[in-house]
Amino acid sequence: MPRAAYLDWNATAPVRPEVAAAMAEALARCGNPSSVHRFGRAARQALEAARAEVAALIGAAPGEIVFTSGGTEANQLALRGLKGRRLLVSALEHDSVRQVAPEAEPIPATPTGVVDLAALERMLAGGAAVVSLMLANNETGAIQPVADAARLAHAHGALLHCDAVQAAGKIPVAIGALGADLLSLSAHKLGGPQGVGALAVRDAVPLAARQTGGGQERGRRAGTENLPGIVGFGLACRIAAERLEEGAGVERLRDLAERRLAALAPEAPIYAREVPRLPNTLSIGMPNVPASTQVMALDLAGVMVSAGAACSSGKLRRSAVLDAMGVPPEAAESAIRISLGWSTVEADIDQLVDAWGALYVRLRARSAA
């Protein structure tokens with residue numbers, strides 16, 4: 001078997017060993033954070049310590065953090081919990097935002113992979129709204145002009161929700177500087193466990209609960225909290241804040257991969273390269289070769305990447321993000337996403353380039369024949 005080169009960090013990051021140890025310790029303790037006896041108080045203390053760590057990563061107050069089951073629930077709590085407003089959603093958003101409501105109005109994107117602010121301003125003139133704009137795109141890595149969008153939204157009496165799931169832990173995220181009224185996070189994108197996330201809600205935002213019952217999370221999200229997951233989430237946020245400088249080394253490797261792949265196939269499109277991107281993300285197409293073929297060939301060579309499009313029931317669905325950027329269908333169907341992380345090494349890039357290059361040369365020779 002070839003060595004494994006994991007280059008699909010935007011799908012999920014490995015759990016940091018320190019996080020796994022902290023979660024195991026939390027699992028070994030008994031106590032419901034809502035109980036008033038000593039075990040319950042200890043659980044509550046651990047919960048609130050983690051809440052403070054999550055809040056610190058984004059410059060929020062601990063009381064603004066609502067724990068959820070992940071980024072999808074955080075996004076949907078934000079957008080379904082704000083009633084009586086039009087919903088304006090960037091065409092670049094994750095499905096968990098774009099599919100919240102069929103009546104949501106799509107905000108166009110530019111060919112460079114960022115939201116069209118002029119179009120947003122025109123749309124805001126139509127009345128009270130909620131704008132949803134991600135901080136960094138999960139497919140291309142393009143960093144969005146959230147602060148500018150928030151200023152436009154607030155000037156028209158609108159609220160802004162920011163899905164920062166893909167950005168947190170990779171670049172600095174400050175809810176105040178962004179001007180976001182609500183901001184979504186997910187633990188497993190930054191070294192925490194899967195199945196836990198958070199929504200930051202500024203105090204003045206009138207958010208209605210979507211899940212009612214026991215009154216947990218200050219009545220904004222009922223259900224006994226996933227304490228081991230939340231403890232892991234908190235520690236992952238603290239480590240991410242302490243190690244943001246790791247991004248420079250990751251970016252160096254991403255740029256190395258980009259240069260070497262572009263040298264092999266100068267005609268290969270690299271998406272959103274004209275705008276600031278996450279330091280770990282590269283979206284590239286192999287002309288006339290379906291993304292599924294590339295992903296499978298790379299997997300056989302021990303390299304794990306993902307298609308730029310989602311898979312559903314075994315059928316490849318073209319990327320809505322690339323569609324929104326105006327990428328022709330045949331090119332969009334050939335895009336893959338390569339995403340790196342803190343344990344990526346140069347040998348992983350070598351393995352990627354060798355495998356991708358071998359496939360490119362082989363298929364090009366076959367086409368010529």
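Bear in mind the structure is a predicted one, so any value in this text is a computation, not a measurement.
Looking only at distances, a side-chain donor or acceptor of Gln216 sits under 3.5 Å from a matching main-chain atom of Gly223. Checking side-chain atoms of Thr344 against main-chain N and O of Gly341 turns up a donor-acceptor pair under 3.5 Å. With hydrogens and angles disregarded, a donor-acceptor distance shorter than 3.5 Å links the side chain of Arg85 to the backbone of Ala129. Ser319 places a side-chain N or O within 3.5 Å of a backbone atom of Val321 that can act as its donor or acceptor partner.
Taking Ile, Leu, Val, Met, Phe, Trp and Tyr as hydrophobic and joining them when side-chain heavy atoms fall under 4.5 Å apart, one finds Met134 isolated, its cluster having no other members. In the hydrophobic clustering, Val165 connects to no other residue, as no ILVMFWY side-chain heavy atoms lie under 4.5 Å from its own. With a 4.5 Å cut-off between side-chain heavy atoms of Ile, Leu, Val, Met, Phe, Trp and Tyr, the cluster of Val275 takes in Val114. Using a 4.5 Å cut-off between side-chain heavy atoms of Ile, Leu, Val, Met, Phe, Trp and Tyr, Leu79 falls into a hydrophobic cluster with Val66, Leu77, Leu82, Leu87, Val89, Val97, Val100, Val130, Leu159, Leu182, Leu199, Val201, Val205, Leu207.
Considering only heavy atoms from C-beta on, Gln294 comes within 4.5 Å of Val289 through its side chain. In this structure the side chain of Ile171 reaches within 4.5 angstrom of the side chain of Pro279, judged on heavy atoms. When side chains are defined from C-beta on, Asp350 counts as touching Arg260, because their heavy atoms get closer than 4.5 Å. Side-chain contact between Ile284 and Tyr271 is absent, with no heavy-atom pair separated by less than 4.5 Å.
Counting only residues at least two apart or in different chains, salt bridge (Lys or Arg N to Asp or Glu O under 4.0 Å) contacts with residues 150-160 comprise Asp148-Arg151. Pairs engaging residues 42-69 under the salt bridge (Lys or Arg N to Asp or Glu O under 4.0 Å) rule: Arg44-Glu48, Glu48-Arg51, Arg51-Glu217, Glu53-Arg238, Glu64-Arg202 [sequence neighbours left out]. Among residue pairs with one or both ends in residues 176-197, those qualifying as side chain to side chain donor-acceptor pair (under 3.5 Å) are Thr12-His188, Thr12-Gln194, Asn75-Ser184, His154-Asp181, His161-Ser184; sequence neighbours excluded. The salt bridge (Lys or Arg N to Asp or Glu O under 4.0 Å) pairs that include a residue from residues 107-130 number zero, where partners must be two or more places apart or lie in different chains.
Both Leu352 and Leu363 are part of a single hydrophobic cluster, where members link through side-chain heavy atoms under 4.5 Å apart. In the hydrophobic cluster analysis, where Ile, Leu, Val, Met, Phe, Trp and Tyr join through side-chain heavy atoms closer than 4.5 angstrom, Met286 is grouped together with Ile338. Placement of Met325 and Ile107 in two distinct hydrophobic clusters is found when ILVMFWY residues are connected by side-chain heavy-atom separations under 4.5 Å, directly or transitively.
If you check the side chains of Asn288 and Ser334, you find no donor sitting under 3.5 Å from an acceptor. When only modelled atom types and interatomic distance are considered, Gln144 and Ser90 share no side-chain donor-acceptor pair under 3.5 Å. At a cut-off of 3.5 Å, with distance as the only test, no side-chain donor of Arg337 or Ser283 sits close to an acceptor on the other residue.
Looking at Arg16 and Glu246, a side-chain N of the basic residue comes within less than 4.0 Å of a carboxylate O on the acidic one, giving a salt bridge. Under 4.0 Å is where a charged nitrogen must lie from a carboxylate oxygen, and between Arg221 and Glu73 at least one such pair does.
With sequence neighbours excluded, the residues forming a salt bridge (charged side-chain N to carboxylate O under 4.0 Å, His left out) with Glu18 are Arg243, listed by chain and number. Scanning for salt bridge (charged side-chain N to carboxylate O under 4.0 Å, His left out) contacts around Glu258 gives Arg273, Arg277, with sequence neighbours left out. Arg29 pairs by the salt bridge (charged side-chain N to carboxylate O under 4.0 Å, His left out) definition with Glu25, not counting sequence neighbours. For Glu93, the salt bridge (charged side-chain N to carboxylate O under 4.0 Å, His left out) criterion is met by no residue, not counting sequence neighbours.
The two residues Val353 and Leu264 come nearest to each other via the heavy atoms CG1-CD1, 3.6 Å. Between Ala4 and Asp348 the shortest heavy-atom distance is O-OD1, 4.3 Å. Minimum heavy-atom separation, Gly214 to Ala222: N-CB, 3.7 Å. Taking every heavy atom of both residues into account, Ala13 and Leu190 meet most closely at CB-N, 4.4 Å. Residue Gly192 comes nearest to Val15 through the heavy atom pair O-CG2, 3.5 Å, listed as atom of the first residue, atom of the second, then distance. Nearest approach of Ala158 to Leu124, heavy atoms of both residues: CB-CD2, 3.8 Å.
Using the six-membered ring where Trp is involved, Tyr6 and Trp9 have ring planes that are tilted, between 30° and 60° apart.
In summary, of the residues considered (Val19, Ile58, Leu57), a side-chain contact (heavy atoms from CB on, under 4.5 Å) with Cys237 occurs for Leu57 alone.
More than 12 heavy atoms of other residues, nucleotides or ligands shown are found within 6.0 angstrom of CZ on Arg3.
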